[in-house]
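Read through the structure below, which is laid out as structure tokens, and then see the notes.
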Amino acid sequence: MFAWENSGESWIGVVSGRWVKLILRSGNAVITAQTATPQTEWSWLTNFLQCGLNLGEVLATFPTDPDMRAAIDSCRGLRLLRQDPWECLAAFILSSSKQIVQIRQIVAALNTRFGSPVIVPAGERPVFAFPSAQRLADATEAELRECKMGFRAPYLLATARQIATGEFDLARLRQMSATDARAELLKLPGVGEKIADCVLLFAYGFPTAFPIDVWVAKAIRKYYFRGRRVRPVRLRNYVTKRFGPNAGYAQQYLFHYIRTKDVKTLSP
DNA sequence: TCAGACCCTCACAG
DNA sequence: ACTGTGAGGGTCT
């Protein structure tokens with residue numbers, strides 16, 4: 001996710017319209033949550049964090065080659081969040097051909113300009129929830145471009161309008177198969193295979209969805225094709241066969257590993 | 001199947 | 001410090 005702010009051992013973000021600070025304690029063994037208002041139930045947060053997931057069972061389904069093993073060992077505890085579909089979709093439409101720092105800036109600009117303020121505890125910085133599809137649908141392309149999103153503005157606007165009018169129903173995707181939901185997402189302007197797979201995996205929790213971006217492609221080529229060049233179709237066929245029922249999880253481990261941990265890649 | 005275009009920003013040379 | 005340059009969690013035509 002792109003809108004969370006980190007300071008020391010804590011992260012501040014918005015989940016289901018609520019300000020929340022997540023704090024690491026006891027040597028990362030425990031996460032505690034602080035909210036701005038008293039909560040009578042926490043399912044909105046435990047669902048977001050996927051607390052009920054047995055990570056060990058997921059990891060057990062991964063292939064056992066040395067590189068996958070190294071990725072698992074160096075990313076202990078890494079798990080997927082369950083994001084809001086609209087926010088996830090919009091953020092990834094904005095992600096195309098952008099560096100992560102820039103995506104964060106765009107999302108922050110959108111939140112500040114179009115988002116609704118969220119109640120925060122005294123002394124905390126003001127925070128805004130990600131703007132609804134309706135709110136963005138009412139904006140102009142020029143206004144969106146002022147949030148530094150460039151050529152992505154017409155895509156985001158057109159998609160926001162389809163969702164705001166009900167022409168496209170994000171909720172309906174929940175009852176569909178991964179294949180059908182993917183085909184639906186691909187109809188949206190600015191949504192190709194990579195972004196569709198991101199939304200399937202990060203928002204709807206389809207565990208086989210496998211986003212292939214430049215980094216994952218690089219990882220697959222390096223670890224499974226000896227660095228050779230591989231055509232996109234072949235890459236796609238390979239990963240769907242190799243990584244099993246939780247391929248999306250495996251993707252996250254490989255992604256995080258090659259971006260932050262794989263010394264052989266990072267150092268020249 | 002494949003370039004090129006698309007906006008803009010930031011890291012990194014020089 | 002300062003400017004020039006290139007490429008970046010892709011998609012569309």
Side-chain angles (χ1 to χ4, degrees), chain A residues 1-4 6 71 75 78-81 83-113 130 136 139-163 168 182-204 206 209-223 229-237 239 243 247-262 265-268:
Chain A
M1 297 190 75
F2 301 103
W4 286 74
N6 171 233
C75 306
L78 174 63
R79 53 175 70 215
L80 296 170
L81 301 172
Q83 303 182 33
D84 171 73
W86 160 244
E87 179 174 354
C88 183
L89 171 63
F92 278 104
I93 286 176
L94 298 172
S95 75
S96 70
S97 197
K98 276 284 183 197
Q99 299 177 134
I100 292 173
V101 269
Q102 299 176 39
I103 303 166
R104 290 174 59 84
Q105 290 172 355
I106 297 170
V107 171
L110 270 180
N111 281 344
T112 306
R113 175 146 187 181
F130 189 81
L136 292 188
T140 65
E141 183 182 322
E143 287 175 324
L144 294 183
R145 281 178 184 263
E146 287 169 16
C147 297
K148 323 251 185 210
M149 67 185 71
F151 62 78
R152 301 156 197 80
Y155 295 147
L156 180 62
L157 187 55
T159 290
R161 288 184 173 159
Q162 285 193 34
I163 289 163
F168 193 99
R182 191 173 195 261
E184 284 300 303
L185 287 168
L186 287 174
K187 293 177 181 170
L188 291 167
V191 179
E193 297 194 349
K194 190 271 181 180
I195 290 173
D197 286 336
C198 283
V199 176
L200 292 176
L201 183 62
F202 302 139
Y204 292 97
F206 286 107
F210 197 102
I212 301 178
D213 62 23
V214 290
W215 287 94
V216 171
K218 184 187 295 188
I220 303 296
R221 279 200 307 271
K222 181 181 177 194
Y223 302 141
R229 196 167 168 276
V230 187
R231 300 175 109 84
V233 179
R234 178 140 184 246
L235 208 60
R236 168 64 59 190
N237 289 336
V239 300
F243 291 101
Y249 263 91
Q251 184 268 12
Q252 280 297 280
Y253 277 76
L254 291 173
F255 176 82
H256 193 62
Y257 180 61
I258 198 164
R259 288 217 48 163
T260 62
K261 305 291 169 82
D262 184 353
T265 301
L266 293 177
S267 58

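For the numbers below, each heavy atom of this structure counts, side chains included, while hydrogens, waters and symmetry mates do not. Just so it is clear: chains get the letters A, B, ... in the order the sequence lines come, proteins before strands, and each one is counted from 1. The model shown is predicted, which means the values in this text are computed figures rather than measured ones.
- Here the separation of dG9(C) from dC12(B), taken at their P atoms, is 13 Å to the nearest Å.
- Side chain of Y253(A) to main chain of L78(A): a donor-acceptor pair is present (N/O by atom type, distance under 3.5 Å, no hydrogens or angles).
- In terms of modelled atom types and a separation under 3.5 Å, the side chain of R113(A) and the main chain of L144(A) share no donor-acceptor contact.
- Between D213(A) and R259(A), none of the side-chain N atoms (NZ, or NE/NH1/NH2) sits under 4.0 Å from a carboxylate O, so this pair counts as no salt bridge.
- Checked by atom type and distance alone, the side chain of R104(A) pairs as donor or acceptor with a backbone atom of W4(A) at under 3.5 Å.
- Annotation: dA3(B) and dA7(C) have their P atoms spaced 15 Å apart (nearest Å).
- Between dC12(C) and dT9(B), the two P atoms lie 23 Å apart (nearest whole Å).
- Note: Y155(A) and F151(A) have perpendicular aromatic rings, judged against thresholds of 30 and 60 degrees for the angle between ring planes.
- At whole-Å resolution of the value, CD1 in I106(A) and P in dT9(B) are 9 Å apart.
- Taking all atoms of both residues into account, the shortest heavy-atom contact from I103(A) to K98(A) is CG1-CB, 3.7 Å.
- Contact check, K148(A) against dC8(B): no side-chain N or O comes under 4.0 Å of OP1 or OP2.
- Rounded to whole Å, the distance from CD on Q105(A) to P on dC8(B) is 14 Å.
- Rounded to whole Å, atom P of dC7(B) lies 14 Å from atom CG of L157(A).
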>> Dot-bracket for DNA chain B, please. Rules: Watson-Crick or G-U, both distances under 3.5 Å, ( ) within the strand, [ ] when a pair crosses earlier ones, | for another strand, . otherwise.
In response: ..||||.|||||||
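- One N or O on the side chain of R152(A) and one on the backbone of S96(A) form a donor-acceptor pair closer than 3.5 Å.
- Residues F255(A) and F210(A) place their aromatic rings such that the two centres sit no closer than 6.0 Å.
- Taking the six-membered ring where the residue is Trp, Y257(A) and Y223(A) present tilted rings, their angle falling between 30° and 60°.
- Residue I93(A) contributes atom CD1, which lies 15 Å from atom C1' of dC6(B) at whole-angstrom precision.
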> Taking protein heavy atoms under 4.0 Å as touching, what does nucleotides 6-13 of chain C look like 5' to 3' if B marks base contact, S marks sugar-phosphate-only contact and - marks none?
Replying inline: --BBBSS-
